[in-house]
Amino acid sequence: MVISISSSGWNLSGVIKRSRATGIAFVSLCLAVGPAAAQPYPSRPITMVVPYAAGGPTDTVARIVAEAMGRDLGQRVIVENIAGAGGTIGMTRVAKSEPNGYTLLLNHIGMATAPTLYPGSIDPLASFEPVGLVADVPMTIVARRSFPPNTLKELIAYTAAQGQKVSYAHAGAGTASHICGVLFASETGALPVTVPYKGTGPAMIDLIGEQVDFMCDQTTNTTNQIQSGEIKAYAVTTSHRIPALPNVPPVTEAGLGKMELAIWHGIYAPKGTPPEVTQKLTSALQNSLLANAVLERFRQLSAIAVSAENATPSALKAKLIADIARWKRLLEGELVK
Ligand code: ASP
């Protein structure tokens, strides 16, 4: 909390007296619960922060893995959504949390674009200990049910012709849905009005309600709605058709090969978390990625679970370093001129 002492006219001596009293009370409390400190980790529930709104694709991935990790760790892992500013509010909250293993972050590509798009706000490599990779998730270009274009080719022609009469939903600068839109625009010349949300969970509600025209979002948020016909799908950002959506062509088929995009997800702890704690979290993650229920759930949503032996801190760190450089290059150069 930042308090401006000069403008609020805080009585400092009162604050100091109060904090001394609180300090004494705190010390007595610590003495009273002394033996609890020796309890093995984890001795209470863990919070896993998702930096986007509830009900979206990242939230879905987090809830699947959090439940399984909780079972493995013998403590609940509770997902908390701290959304806003392209995910940087949630990222910052975790970065500033006590590095004790009780506050974690699950995030995706937003972690790699943040240093370029929000300079000075968050430095992912300096702020976090990687725990491990979770899953790769393709994206889908989707639209409200009665949006006129019916194929990707028609969408490209329609959005180019209609310009700002068309609206595109995304979850804030640097998020997967935003980046996918930037790629689409750079490939096709489309310049729709962009409508930012705190996550694509709420954006999906508006897409189903036909308040916004189209978006690009992870299959973990679109598969069920495409299958049920609540929204229409034009393409998946892969080089091949995916089993859950056999009628949706890959972007490469329509000549949009540069839109091939797999959104990798990883779990992080605040920098300074003790190695024995991150090791425990990594092994809980690896065990979760061996659980049939987890693999089946991911499979239904076209998420490709990372193999347990690759769910390591070093693999996540390498991915993050490479992607920070990749998105810096693309966002400062080729894509945004
Ligand atoms: N994955 C984000 C969400 O969960 C949205 C995004 O990255 O576009 O809402």
Side-chain angles (χ1 to χ4, degrees), residues 48-66 79-91 93-94 104-118 122 124 133-143 167-185 192 194-208 212-225 231 233 235-237 259 261-268 297-298 301-304 319-320 323-324 326-327 330-331 335:
M48 182 181 279
V49 170
V50 168
Y52 314 103
T58 317
D59 185 57
T60 298
V61 169
R63 282 172 202 274
I64 293 169
V65 78
V79 173
E80 186 183 352
N81 303 83
I82 303 179
T88 55
I89 294 176
M91 293 181 223
R93 186 79 67 86
V94 177
L104 309 175
L105 174 74
L106 186 142
N107 199 7
H108 54 44
I109 191 172
M111 204 73 164
T113 57
T116 302
L117 295 175
Y118 302 87
I122 184 99
L133 286 159
V134 181
D136 290 339
V137 183
M139 304 203 73
T140 40
I141 306 175
V142 293
S167 55
Y168 178 85
H170 66 83
T175 60
S177 49
H178 176 249
I179 292 297
C180 191
V182 171
L183 289 170
F184 182 77
T194 58
V195 187
Y197 290 79
K198 284 192 172 172
T200 45
M204 176 58 79
I205 293 170
D206 279 2
L207 197 72
I208 292 171
V212 67
D213 291 327
F214 80 119
M215 71 173 176
C216 180
D217 199 17
Q218 287 108 294
T219 52
T220 39
N221 197 35
T222 60
T223 302
N224 296 339
Q225 291 82 345
I231 56 173
V236 56
T237 62
M259 287 194 70
L261 194 57
I263 306 301
W264 51 273
H265 295 64
I267 297 175
Y268 307 81
R297 197 71 197 96
F298 278 152
L301 297 169
S302 305
I304 300 147
K319 197 114 183 163
L320 185 59
D323 247 32
I324 288 174
R326 174 182 178 217
W327 290 108
L330 286 170
L331 292 168
L335 283 177

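Every number for a ligand or one of its atoms is a count from 1 in the order of the listing.
- Checked against the 6.0 Å centroid threshold, Tyr52 and His108 count as a close aromatic pair.
- With values rounded to the nearest 0.5 angstrom, Cys216 atom SG is found 5.0 Å from Tyr168 atom OH.
- Considering NE2 of His178 and CG of Leu331, their distance stands at 8.0 Å, rounded to 0.5 Å.
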One line per pair, note the atom names and distance for all nitrogen or oxygen contacts under 3.5 Å between ligand 1 and the protein.
unit_1   : atom_1 : unit_2 : atom_2 : d
ligand 1 : 1 (N)  : Thr58  : OG1    : 2.6
ligand 1 : 1 (N)  : His108 : NE2    : 3.0
ligand 1 : 1 (N)  : Gln218 : NE2    : 3.2
ligand 1 : 4 (O)  : Thr58  : N      : 3.2
ligand 1 : 4 (O)  : Thr58  : OG1    : 2.8
ligand 1 : 7 (O)  : His108 : NE2    : 2.8
ligand 1 : 7 (O)  : Ala176 : N      : 2.9
ligand 1 : 8 (O)  : Thr175 : OG1    : 3.4
ligand 1 : 8 (O)  : Ala176 : N      : 3.4
ligand 1 : 8 (O)  : Ser177 : N      : 2.8
ligand 1 : 8 (O)  : Ser177 : OG     : 2.4
ligand 1 : 9 (O)  : Thr200 : N      : 2.7
ligand 1 : 9 (O)  : Thr200 : OG1    : 3.2

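- Put simply, the side chain of Trp327 does not reach to within 4.5 Å of the side chain of Leu117, judged on heavy atoms.
- Of the candidates Thr222, Leu183, Ile263, Met139 forms a side-chain contact (heavy atoms from CB on, under 4.5 Å) with just one, namely Ile263.
- For the side-chain contact (heavy atoms from CB on, under 4.5 Å) with Met48, the qualifying choice from Leu105, Ile267, Val94 is Ile267, the only one to do so.
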